[in-house]
Structure formats: C-alpha cells, structure tokens
Amino acid sequence: MTDDASATADTAPSPTDDLVALTREALATGPLCDPCLGRLVADRSFGLTNRERGRSLRVALALQDDEPVADLEPDADEPCWVCEGESAEAQVAEWAERAAYAVADYDFDTFQVGTRVPPLFEENDRLLREDLGLDPDAGEQLKAELNREVGKRFGRATDTEVDFGRPDVQVTLHLGGGEVEARVNSAFVYGRYRKLERDIPQTKWPCNDCNGTGLNRGEICEGCDGSGYRYDESVEQLSAPVVEDAMGGESATFHGAGREDVDALMLEGGRPFVIEIDEPRQRAVDPETLQAEINDFADGKVEVTDLHLATYDMVERVKELDASKTYRMAVEFDDPVAADDFADALDRLRGATVEQRTPQRVDHRRADLVRTREVYDIDGELESADADSATATEATVELHGEGGLYVKELVSSDEGRTEPSLAGLLGVGAEVTSLDVLDVEGEDEPFLTDEFVREHEDESGQSGDGDEDATDTESA
C-alpha cells in the first residue's frame with residue numbers, strides 16, 4: 001500500500017460520521033424508538049440522554065428532507081422492534097415505580113439497578129448494528145441504558161444514591177418475565193466485647209450428641225437437655241438477638257477477631273467483633289442506645305463497648321487483621337519455685353522467639369506444624385502463702401504476645417513441644433489453671449478506623465458515627 005493510500009484509509013469516514021445518513025438507514029430497518037436510535041451514538045456529545053440523542057437525530061433528518069418529524073416517528077400501536085417498548089418513557093417509569101415498591105419495607109441509603117435482558121433483545125441490538133455496518137458493541141447496549149434510566153428515577157423516588165460497589169439494596173429487572181427481584185444486603189455493627197463469666201463460648205455450640213437437634217434416637221438428648229446446644233448461652237446469644245431485633249432482620253451472624261477458650265474470661269480492652277444482620281428493615285439505629293440494650297440483655301455476663309455501624313469490609317478486617325493478645329494466667333508449679341529463678345526465667349522469655357509444635361490438645365483438628373511466635377513482654381509474681389518464704393508453687397503471669405502464640409504451652413512446654421517455655425527454663429512442671437484475655441490489638445494499626453465506619457442519622461436528622469473519634473482506643 002502506498003503512503004497516499006494509507007493516508008486515505010486512515011482518514012476514511014466511519015459509519016457514524018454522517019449522522020443523517022446513519023439515521024435514515026436505521027429508521028429504514030423498522031419502527032425504532034428514540035432511546036434505541038440514540039444508543040447507536042451514545043458516545044457522541046455529553047450531557048444528553050439517549051432519548052434526547054435519538055430525538056435530535058430524527059429532527060435532523062426531518063430538516064434534511066424538509067418533511068414533518070411526525071412522519072419519521074413509529075406509529076403509536078407499533079412498538080420499537082429492538083426493545084419492544086421497554087425503553088418507552090412510561091415503561092421506564094413503571095419499572096422504577098415497581099422497583100421502589102419492592103423495597104418499600106426496607107430502610108436503605110444506597111442502591112444498584114441491574115437488568116436481565118432476554119436473548120432476543122440482545123440479538124436485535126446486534127442485528128441493528130450489523131445492518132448499519134457498526135461494531136456489535138457500538139454505542140450502548142439496552143441493559144446499560146435501562147440500568148441508568150430506571151436507576152435515576154428509582155433514586156429520586158427513594159431519595160437514595162447509586163453505589164456500584166456494595167449497595168444496601170440490589171434491584172434486578174427481568175425483562176423477559178416482567179418480574180422485579182430485590183436483594184437486601186446485610187447491615188453490620190462493630191464493637192468490642194468483654195466476657196465476664198467463665199464457661200460461655202463465643203458462638204453457639206451445637207451439642208455433639210444430637211448434632212444440635214435436641215433429640216437422640218427420638219428421645220430428648222441427655223447431653224443438652226433437648227436445647228440442641230452444649231452450652232445454654234454464648235456471647236453471640238447474649239448480643240446478636242438484640243441487634244437483630246433492633247434492625248428487624250431475618251437472622252444474625254457473629255464474627256469475632258479470634259476466640260478465647262470457653263473457660264477463659266475476656267476483660268479490659270475486650271475483643272473486636274462484628275454482628276451481621278441479614279435483610280435488615282432498619283439500618284439507622286443509634287449505636288449508643290443499642291449498646292445499652294445489649295448490656296441490659298446480657299445481664300452482667302457479657303458487656304459490649306465502642307459500638308459503631310460498620311461497612312461490609314469490617315467483617316474481613318476483624319477476621320484477617322494481624323493482632324497481638326494480652327493474657328493474665330494463674331500458674332501452678334509441681335514443686336516450689338524460687339523468686340530469683342522465676343524472675344530469671346521471665347527475663348529470658350521476654351522478647352523471645354518461641355518455636356511451637358502444634359499442641360497435643362488441638363492436634364486432632366490442626367495440622368502438625370512448627371510455628372514461630374514472638375513474646376513481646378511478660379511479667380509475673382509468685383503467690384506465696386508465707387510472706388517470708390522465698391519460694392512458691394503458684395504464680396500470676398501477664399503476657400503480651402504475637403497472635404497465634406499458644407500461651408498455655410508457653411507455660412507448660414507441652415512435653416517439650418514448645419521451646420523455650422517457663423516450665424523448661426525452671427526445670428519444674430507448670431500448668432495454667434485459669435486464663436483471662438485482657439486485650440486484642442491490631443499489630444500495626446487499630447481494628448477500627450474511619451474508613452470502616454458507616455454514618456447514621458439520629459432522630460434530629462444529624463449524621464454521626466456514635467463518637468467524635470471513630471478510631472479504636474486500644475490499650476495494652
């Protein structure tokens with residue numbers, strides 16, 4: 001090809017350069033509505049709807065041919081052959097009205113509209129562009145047009161905003177069957193809990209004897225007295241029902257940042273958690289009121305603090321953020337331990353890197369691996385019955401360590417599977433007789449930051465997040 005020929009090819013007009021000719025050819029294919037005509041050149045100009053583009057093209061052709069524009073419009077009883085009337089103003093308004101009705105019982109701030117287009121309509125779009133010599137995806141497809149136009153009307157009708165990420169509600173229009181499908185996404189409440197009584201699991205614990213049914217071979221299960229649960233109460237059961245009721249949800253799921261042993265307390269700074277409410281009818285609940293209601297319901301067994309309405313991403317953050325833990329343990333030794341030896345052992349553990357083979361108590365459910373974890377800080381005090389005695393068989397130990405550190409085995413050595421250990425350094429058998437968790441902190445940053453807080457409006461219409469500063473005040 002010569003340079004002149006190449007230049008001619010590069011500057012050859014595209015099928016949409018002569019818009020009047022394009023309009024003439026498009027209208028010759030059959031009755032065509034303004035939106036479907038305008039969608040052919042949806043990438044032309046700005047600030048126009050496809051309906052306005054289509055009308056402008058029709059008017060331009062009427063001016064070119066010096067004939068009434070009405071002669072170029074389809075008959076009233078003859079629908080557009082491409083969308084079969086789905087783009088008509090009245091039909092778009094009806095879709096928006098039906099979508100708003102489908103979610104009328106739900107409180108929401110954000111939405112997204114989707115459309116399922118029958119294969120026939122997609123084929124019509126393709127055939128129109130093929131007849132005009134256009135690319136199959138030229139302009140805009142019917143689905144995108146309806147999503148936007150119905151969405152604009154839906155947003156105005158409900159006073160809400162579109163969200164292309166994770167909206168509060170998702171409305172899907174089924175053009176083929178005429179149905180409107182509404183999906184209400186979950187709401188989330190973040191907080192920290194303290195567990196003030198022992199023998200309370202974090203979440204519901206189904207009875208192993210009856211698999212949570214309450215019945216064993218047709219009889220009331222003796223293992224759970226027919227309740228279906230190994231324990232009558234849990235942190236989840238003492239908190240989530242209050243949130244579910246306040247939000248009018250269908251169900252609740254409790255997500256914790258790890259979990260303490262059933263017989264351990266969770267004190268001081270508390271453990272981060274998120275309660276997820278499925279299909280909430282009310283989202284704008286007041287965190288302070290909710291916090292008071294949960295604490296009243298829990299009756300001193302569990303206490304929650306720092307409640308905030310949270311985003312969907314907070315669930316993953318609570319589950320995945322690297323966190324350190326602070327523990328307080330009561331320790332019992334097989335033989336008396338001297339104060340100097342005890343202090344020296346703690347000094348050697350402070351800042352130590354510990355190698356831990358999977359403990360025997362959990363090796364039935366976890367892979368047999370050797371893990372390394374850091375002891376950030378450790379202190380302790382011997383508990384001597386005689387104030388004048390330099391030895392004791394009991395001690396209190398407080399430890400701040402990396403997440404995943406098996407602290408009971410750090411004390412006992414687990415028959416040498418943990419090195420170094422308190423028992424190994426002392427040369428005396430040692431066992432944790434009670435354990436309390438004092439705090440759970442993010443390793444590098446707090447669990448709660450502003451980006452994970454969802455604002456709410458109080459009864460006065462003022463927006464807020466429950467506190468002036470939405471950042472965790474985690475304490476060691």
Side-chain angles (χ1 to χ4, degrees), residues 184 186-189 191-267 270-281 290 293-304 315-316 318-320 325 358-369 404 406-409 412 414 431-437 440:
V184 180
S186 299
F188 305 90
V189 175
R192 284 175 167 263
Y193 75 81
R194 302 185 183 107
K195 192 176 75 178
L196 307 177
E197 292 187 9
R198 302 190 192 278
D199 296 322
I200 296 178
Q202 183 187 87
T203 55
K204 298 174 184 177
W205 192 323
C207 174
N208 296 330
D209 295 341
C210 64
N211 294 320
T213 65
L215 297 175
N216 196 340
R217 297 183 178 182
E219 302 291 334
I220 292 178
C221 176
E222 295 182 0
C224 64
D225 292 328
S227 70
Y229 297 107
R230 185 173 173 182
Y231 295 88
D232 293 335
E233 296 175 314
S234 64
V235 177
E236 175 183 18
Q237 289 164 293
L238 292 170
S239 58
V242 179
V243 184
E244 181 182 340
D245 182 65
M247 291 189 162
E250 294 297 318
S251 62
T253 304
F254 191 97
H255 307 279
R259 63 177 69 219
E260 65 283 345
D261 292 342
V262 174
D263 60 353
L265 299 181
M266 180 69 242
L267 304 173
R271 183 182 298 274
F273 70 91
V274 172
I275 294 175
E276 176 180 355
I277 302 300
D278 186 44
E279 295 189 29
R281 286 174 169 76
L290 191 60
E293 290 175 348
I294 292 174
N295 290 336
D296 182 61
F297 181 76
D299 195 26
K301 301 169 186 175
V302 167
E303 183 179 72
V304 300
V315 173
E316 181 179 0
V318 160
K319 288 180 171 294
E320 302 297 334
K325 317 287 174 61
T358 302
Q360 297 177 74
R361 63 187 172 93
V362 298
D363 63 4
H364 63 286
R365 55 188 171 88
R366 295 192 179 176
D368 188 10
L369 303 172
Y406 292 108
V407 293
K408 290 181 177 179
E409 286 69 27
S412 71
D414 195 26
E431 180 184 4
V432 174
T433 56
S434 70
L435 180 146
D436 300 331
V437 186
V440 179

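On a predicted model such as this, the values are computed, not experimentally measured, just so you know.
- Using a distance-only test at 3.5 Å, with no hydrogens or angles considered, a donor-acceptor pair links the side chain of T358 to the main chain of L369.
- With sequence neighbours excluded, the residues forming a salt bridge (Lys or Arg N to Asp or Glu O under 4.0 Å) with K408 are D261, listed by chain and number.
- Using a distance-only test at 3.5 Å, with no hydrogens or angles considered, no donor-acceptor pair links the side chain of D263 to the main chain of S434.
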Would you mind writing out the side-chain donor-acceptor pairs for residues 201-210 within the sub-3.5 Å range, not counting sequence neighbours?
from	atom 1	to	atom 2	distance (Å)
Q202	NE2	Y193	OH	2.9
Q202	NE2	G258	O	2.8
T203	OG1	R259	NH1	3.2

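- The backbone N or O of S234 lies less than 3.5 Å from no partner atom in the side chain of K195, so there is not a single donor-acceptor pair.
- Applying the 6.0 Å contact sphere to CD of Q360 captures more than 12 heavy atoms from other residues, nucleotides or ligands.
- At distances below 3.5 Å, at least one donor-acceptor pair connects side-chain atoms of R192 with backbone N or O atoms of V440.
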Residues 222-230 side chain polar contacts: donor-acceptor under 3.5 Å, at least two apart:
from	atom 1	to	atom 2	distance (Å)
S227	OG	C224	O	3.0
S227	OG	Y229	N	3.1
S227	OG	Y229	O	3.2

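- Contact check for N295 versus V304: side-chain heavy atoms found under the 4.5 Å cut-off.
- Considering only residues two or more places apart in sequence or on other chains, E233 meets the side-chain hydrogen bond (donor to acceptor under 3.5 Å, both in side chains) condition with K301.
- Taking 4.5 Å as the limit, every side-chain heavy atom of E293 sits out of range of all side-chain heavy atoms of D296.
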- Chi angles and distances behind the salt bridge (charged side-chain N to carboxylate O under 4.0 Å, His left out) call for E260, K325: CA-CA 10 Å; E260 65 283 345; K325 317 287 174 61; over 6 Å; no
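- Within 6.0 Å of CG on L215 lie more than 12 heavy atoms contributed by other residues, nucleotides or ligands.
- For R366, the side-chain hydrogen bond (donor to acceptor under 3.5 Å, both in side chains) partners two or more places apart in sequence, or in a different chain, are Y406.
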Please set out all donor-acceptor pairs under 3.5 angstrom arising from side-chain atoms of residues 240-256, sequence neighbours excluded.
from	atom 1	to	atom 2	distance (Å)
E250	OE2	R281	NH1	3.0
H255	NE2	E276	OE1	2.9

